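Below, each value reflects all heavy atoms present in this structure, side chains not excepted, and no hydrogens, waters or symmetry copies. Here the structure is a predicted model, which is why all the values come from computation and not from measurement.
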Amino acid sequence: MTSVLKTQPWDVHRLPSAEGKSFLVTGGNAGMGYFVAEQLAGTGATVVLGSRDPAKAEAAIASISARVPGAELRYVRLDLADLASLKTSVDALELDRLDAVVHNAGVALDHPPRRETKDGHELMLATNHLGHFALTRWLAPLLMAAPGSRIITTGSFAAKSERMDLDDLQSTHDYRPKRTYGRSKLAQMLFGFELDRRLRAAGSTTLSVVVHPGGALDSLTPSRPPVHVRTTGERLRGLPMGALVQGKEAGAWPAVRAVLDPDVRGGQMWGPRVFGLRGRPRLEPVWDHLTDATTAARLWAASCDLTGTDPAFDAAFGPT
């Protein structure tokens with residue numbers, strides 16, 4: 001009788017070893033990025049936290065180290081809203097190769113006025129999309145040096161109901177913070193899928209994968225003092241929402257699986273299992289508007305223009 005080997009279900013609490021590998025998590029000092037870094041640190045990998053604030057990065061490293069004895073952790077100063085600083089940040093990594101980057105850092109503004117970076121770009125688009133776009137270009141040699149490396153782009157459920165307006169990409173004429181945020185995350189996701197198409201065309205082994213955390217609330221997130229402290233009142237107020245959404249610890253699961261699971265493929269999207277809002281990570285059908293290759297290509301060209309990036313930088317991932 002022929003035996004059939006069954007693949008074990010992915011266990012978010014028993015991650016495979018990644019000893020000897022190096023991962024970069026942008027915004028790894030707080031929020032969901034912190035939990036991505038904490039979970040990856042438990043695999044034996046070297047985890048680098050990208051952060052604008054060295055003090056907050058050190059606090060996050062201390063918190064993770066207390067929970068993950070022997071964790072290999074570092075931080076690099078990283079300001080995605082300052083395009084001119086990104087090459088210096090990549091140089092400061094002092095790595096020969098990078099096995100994965102999790103594009104996680106983000107800004108969400110709730111109220112006007114519209115804000116710009118010193119480069120003159122709308123702040124949410126600049127931080128959430130343009131900074132990660134340009135960072136990928138500078139990371140290309142390190143990622144190419146690691147066969148099968150992965151670029152994980154963190155989108156948002158907020159992007160599901162949005163559509164790109166390429167004629168007003170920076171919300172100059174019609175600024176509504178929540179919509180601008182949703183479109184900045186949509187831009188990230190379109191970038192992730194367009195990058196996959198270009199990597200495949202270049203014959204690269206690097207994978208581009210898109211993830212989203214579903215509904216991830218602070219009130220459902222376990223405390224990690226001093227990085228995050230959840231009061232008893234907040235926990236109790238958040239309990240009714242626990243049937244629909246989840247905390248940021250669980251919100252990190254799709255990104256962590258996208259980094260580690262050998263069965264993950266480029267061009268996939270991973271999100272929470274239950275209605276895309278909560279639960280363990282699963283492969284999710286790509287939303288229809290994320291398959292629009294024409295819009296994605298136009299966004300790519302606009303992003304190159306705004307960041308001063310070579311439109312063909314994806315060729316750097318190809319075989320040498």
Side-chain angles (χ1 to χ4, degrees), residues 7 16 18 20-26 40 45-46 48 86-87 89-91 93 95-104 129-155 186-212 254-270 281 283-320:
T7 303
K21 294 188 175 184
S22 297
F23 305 136
L24 170 63
V25 182
T26 72
L40 290 176
T46 295
V48 184
L86 297 180
K87 183 180 185 301
S89 295
V90 171
D91 290 342
L93 289 171
L95 294 172
D96 296 325
R97 53 181 277 169
L98 184 66
D99 294 278
V101 56
V102 180
H103 290 329
N104 162 85
H129 169 59
L130 295 177
H132 284 119
F133 183 90
L135 178 65
T136 303
R137 178 259 179 272
W138 295 115
L139 289 173
L142 296 179
L143 290 160
M144 186 179 65
S149 59
R150 301 183 180 195
I151 300 165
I152 312 303
T153 299
T154 307
L186 175 57
Q188 277 191 281
M189 298 173 88
L190 286 168
F191 160 66
F193 289 115
E194 178 66 10
L195 179 60
D196 171 70
R197 285 187 283 269
R198 291 171 181 252
L199 292 174
R200 300 289 71 74
S204 177
T205 65
T206 297
L207 308 181
S208 175
V209 185
V210 175
V211 301
H212 73 87
V256 171
R257 183 166 188 176
V259 169
L260 298 172
D261 189 344
D263 292 332
V264 166
R265 298 289 178 262
Q268 292 180 338
M269 182 168 78
W270 290 78
L283 179 61
E284 189 169 321
V286 178
W287 305 334
D288 287 346
H289 63 307
L290 294 178
T291 65
D292 184 349
T294 300
T295 295
R298 290 180 61 199
L299 174 65
W300 183 283
S303 301
C304 287
D305 184 57
L306 291 169
T307 61
T309 300
D310 180 355
F313 85 81
D314 48 294
F317 289 95
T320 55

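The distance from the CG atom of L24 to the CG atom of L143 is 9.0 Å, given to the nearest 0.5 Å. Taken from OG in S22 to CG in D99, the straight-line distance is 6.0 Å, to the nearest 0.5 Å. Taken from CG in L199 to OG in S204, the straight-line distance is 5.0 Å, to the nearest 0.5 Å. Considering NZ of K21 and CG of L40, their distance stands at 11.0 Å, rounded to 0.5 Å. Residue H129 holds its NE2 atom at 2.5 Å from OG of S303, rounded to the nearest 0.5 Å. Between atom OG1 of residue T206 and atom CG of residue L195 there is a gap of 8.5 Å, rounded to the nearest 0.5 Å.
Residues M269 and M189 meet the side-chain proximity criterion, which asks for heavy atoms closer than 4.5 Å. Here the side chains of R298 and W300 are not in contact, with every heavy-atom distance at 4.5 Å or above. Side-chain contact between L207 and D196 is absent, with no heavy-atom pair separated by less than 4.5 Å. Residues F23 and I152 form no side-chain contact, since every pair of their non-hydrogen atoms from C-beta on lies 4.5 Å or further apart. When side chains are defined from C-beta on, R150 counts as touching V264, because their heavy atoms get closer than 4.5 Å. Residues V102 and V211 form no side-chain contact, since every pair of their non-hydrogen atoms from C-beta on lies 4.5 Å or further apart. Counting heavy atoms from C-beta on, the side chains of R97 and L142 never come closer than 4.5 Å.
Nearest heavy atoms, P281 versus P254: CB-CA, 3.7 Å. Taking every heavy atom of both residues into account, T307 and T309 meet most closely at OG1-OG1, 2.7 Å. The shortest heavy-atom contact between D288 and T291 is O-OG1, 2.6 Å. Pairing each heavy atom of A187 with each of L299, the nearest pair is O-CD2, 3.5 Å. Between P311 and C304, the closest heavy-atom pair is CA-SG, 3.4 Å. Contact between L260 and A18 at its shortest, heavy atoms only, is CD2-CB, 4.0 Å.
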Taking only distance into account, with no hydrogens and no angle test, what donor-acceptor pairs under 3.5 Å do side-chain atoms of residues 130-137 form with protein atoms, sequence neighbours excluded?
| unit_1 | atom_1 | unit_2 | atom_2 | d |
| --- | --- | --- | --- | --- |
| H132 | ND1 | N128 | O | 2.9 |
| H132 | ND1 | Q188 | NE2 | 3.4 |
| H132 | NE2 | T26 | OG1 | 2.9 |
| T136 | OG1 | H103 | NE2 | 2.9 |
| T136 | OG1 | H132 | O | 2.8 |

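Ring orientation note: the planes of W287 and H212 are tilted relative to one another, at an angle of 30° to 60°.
Within the 3.5 Å criterion, the main-chain N or O of V25 finds no donor-acceptor partner in the side chain of N104.
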Item to check | L186/L290 under side chain to side chain contact (heavy atoms under 4.5 Å, CB included): CA gap, chis, key distance, verdict | outcome: CA-CA 8 Å; L186 175 57; L290 294 178; 3.4 Å; yes

